[in-house]
2 protein chains.
Amino acid sequence: MGERKDKAAQTQAALKDAARRQFAEHGFLNTKITDITSAAGRAAGTFYQHFASKEDLLQALLADMHGQAGQAFEGDDGPVHDLTDPAQLREHLAVAWGVMRGNRAVMIALFESALADGPNSGALWNRLTADTSMLREHLEYLSEQGQALPGDPALIAAAMGGMLSMLAYALPPVATGSAGGDAPGYTDTQILDALSSLLLHGLAGPGQ
Amino acid sequence: MGERKDKAAQTQAALKDAARRQFAEHGFLNTKITDITSAAGRAAGTFYQHFASKEDLLQALLADMHGQAGQAFEGDDGPVHDLTDPAQLREHLAVAWGVMRGNRAVMIALFESALADGPNSGALWNRLTADTSMLREHLEYLSEQGQALPGDPALIAAAMGGMLSMLAYALPPVATGSAGGDAPGYTDTQILDALSSLLLHGLAGPGQ
DNA sequence: GTCTATATACAGATAGAC
DNA sequence: GTCTATCTGTATATAGAC
């Protein structure tokens, strides 16, 4: 790899890192190109040597995340999971939650970008289904096995994904001190326990 | 009421109507002040005689919605609902869903506005809790009655509200033809059936 | 490849005439 | 009260030097 190319790769990585930090702090729409270049210690014009636009950069971050998420799901047996099994449901939720929370900045950025496409573009629905495709496959498998589900697998997957992602967006990442309001400090364990239980047996509980 | 004041009230109403239409079509952030005034058949400068800013106008729309939502909840017995009862859970979800879908433009606008405050402002969490306060009260009542819930009432209420609102945002209002993607055409009945069932008994179903 | 400087475009908000 | 015209600020993207 030549020196020039190496230098360029370094700059590109610096821009992506800086973008993740800025998105995490200010959000996608509020982040200006110059915020990214400044945080990366580069000049404004350099940005366009690496990305065609802010949206283009976001797609690059998404690709990086997919690579990482693929690893998190390694060892997954495919759609043969039984989500009506407490341990398997919780494990699946834990992995999804981990990916979402570990990439909160990118998730939120994708979400803001979808919103910016307009309420009727379908972009938000596409995001939701893309992020829950694995969930949907598991549910379809259950359905084929004769398990009675609460509704259409794609709808249930979207509903579960919506619950998960809305919480991931709304809950600040850590204890942000006293910044901006009274957001609570639930632990990941509390959240996963609650969601697992709710999605497994609902409000009425297991008995009947 | 004088003529001048009457004329002003008329203009103000026209601006709010136009804003709702524009927000429904293009979203809150994408809508420019001049989009609103044009759609209302008024001049740009007139806007600021009635509202200090776009955010100020949004608050006015929120107030209008609260008035309407109050009527929808009329006859509600307060927090003594038993959400583990199928009919009562479904009824509660139906009212909430109806308000959200009937005011989709304002709901989405509030959501976009909260997002614009930044990911760590807590604005999104405040929105979520404000929109689910009634749900939380019902759950707290259940908890006091000795009903075992899946988790902290505020967290469960937020989770349920997140599921509901994300679907309300993501699903286009009607059949938008072939605009922008493959968004599905679930009916309100399908959605309410699925969510009621999921939240009442979860994925495992009622038996055990 | 990266930099500085700038062209282009547009949104929010105001001033003053009618 | 409403209008037209404009000021101000700011973001994206490009041009040309190093």
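Every chain is numbered from 1, with letters handed out A, B, ... down the list of sequences.
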(Q) Please list, in numerical order, the residues of residues 13-27 of chain A that have a heavy atom closer than 4.0 Å to any atom of DNA chain C. (A) none
(Q) Checking A:Ala72 now: which residues fulfil side-chain contact (heavy atoms from CB on, under 4.5 Å) with it, not counting sequence neighbours? (A) A:Val95, A:Val99
Q. Quick one: salt bridge (Lys or Arg N to Asp or Glu O under 4.0 Å) partners of B:Glu25, sequence neighbours excluded?
A. none
Q. For B:Ser38, which residues count as a side-chain contact (heavy atoms from CB on, under 4.5 Å) partner, sequence neighbours excluded?
A. none
Q: Could you work out which one of C:dA13, C:dT2, D:dC3 sits closest to the side chain of B:Ser53?
A: C:dA13
Q.
Considering only residues two or more places apart or on different chains, which pairs with a residue in residues 48-70 of chain B satisfy ring pair (Phe, Tyr, Trp, His ring centres under 6.0 Å)?
A. B:Phe47-B:Phe51
Q.
Please determine whether a side-chain nitrogen or oxygen atom of B:Thr46 lies at a distance below 4.0 Å from atom OP1 or OP2 of D:dC3.
A. yes
Pairwise N/O distances under 3.5 Å, protein to nucleotides 16-18 of chain C:
none

Q: Round to the nearest Å and state the distance from B:Phe51 atom CZ to D:dG1 atom C1'.
A: 14 Å
(Q) Angle between ring planes, B:His92 versus B:His138, binned at 30° and 60°: parallel, tilted or perpendicular? (A) perpendicular
(Q) Side chain of B:Lys7 only, heavy atoms from C-beta on: which candidate in C:dC3, D:dT2, C:dG1 is closest? (A) D:dT2
Interface polar pairs with nucleotides 5-12 of chain D, N/O, under 3.5 angstrom:
{"unit_1": "D:dA11", "atom_1": "OP1", "unit_2": "A:Lys32", "atom_2": "NZ", "d": "3.1"}
{"unit_1": "D:dT12", "atom_1": "OP2", "unit_2": "A:Ile33", "atom_2": "N", "d": "3.1"}

Q.
How many whole angstroms separate atom CD1 of B:Ile36 from atom P of C:dA13?
A. 11 Å
Q: Could I get the full list of side-chain contact (heavy atoms from CB on, under 4.5 Å) partners for B:Ala94, not counting sequence neighbours?
A: B:Leu192
Q) Rounded to whole angstrom units, what separation is found between the CD atom of A:Glu55 and the P atom of D:dA13? A) 11 Å
Which donor-acceptor pairs under 3.5 Å do side chains of residues 154-163 of chain B form with protein atoms, sequence neighbours excluded?
none

Q | Listed partners of B:Asp152 passing salt bridge (Lys or Arg N to Asp or Glu O under 4.0 Å), at least two apart | A | none
Q: May I ask you to evaluate whether A:Thr11 reaches the phosphate of C:dT2, defined as a side-chain N or O under 4.0 Å from OP1 or OP2?
A: yes
**Q.** 5' priority, DNA chain C, between A:Ala43 and B:Phe47 [closest heavy atom]
**A.** A:Ala43
Q: Report yes or no: does A:Thr132 contribute a side-chain atom to a donor-acceptor pair with the main-chain N or O of A:Leu135 at less than 3.5 Å?
A: no
Q: Please name all residues satisfying salt bridge (Lys or Arg N to Asp or Glu O under 4.0 Å) with A:Asp64, sequence neighbours left out, ordered by chain then number.
A: A:Lys16, A:Arg20
Q) Does anything in residues 80-91 of chain B pair up under side-chain hydrogen bond (donor to acceptor under 3.5 Å, both in side chains), and if so which pairs, sequence neighbours excluded? A) B:Asp82-B:Thr84, B:Arg90-B:Asp193
(Q) Can you tell me if B:His50 touches the phosphate of D:dT2, counting only side-chain N or O atoms and a distance under 4.0 Å to OP1 or OP2? (A) yes
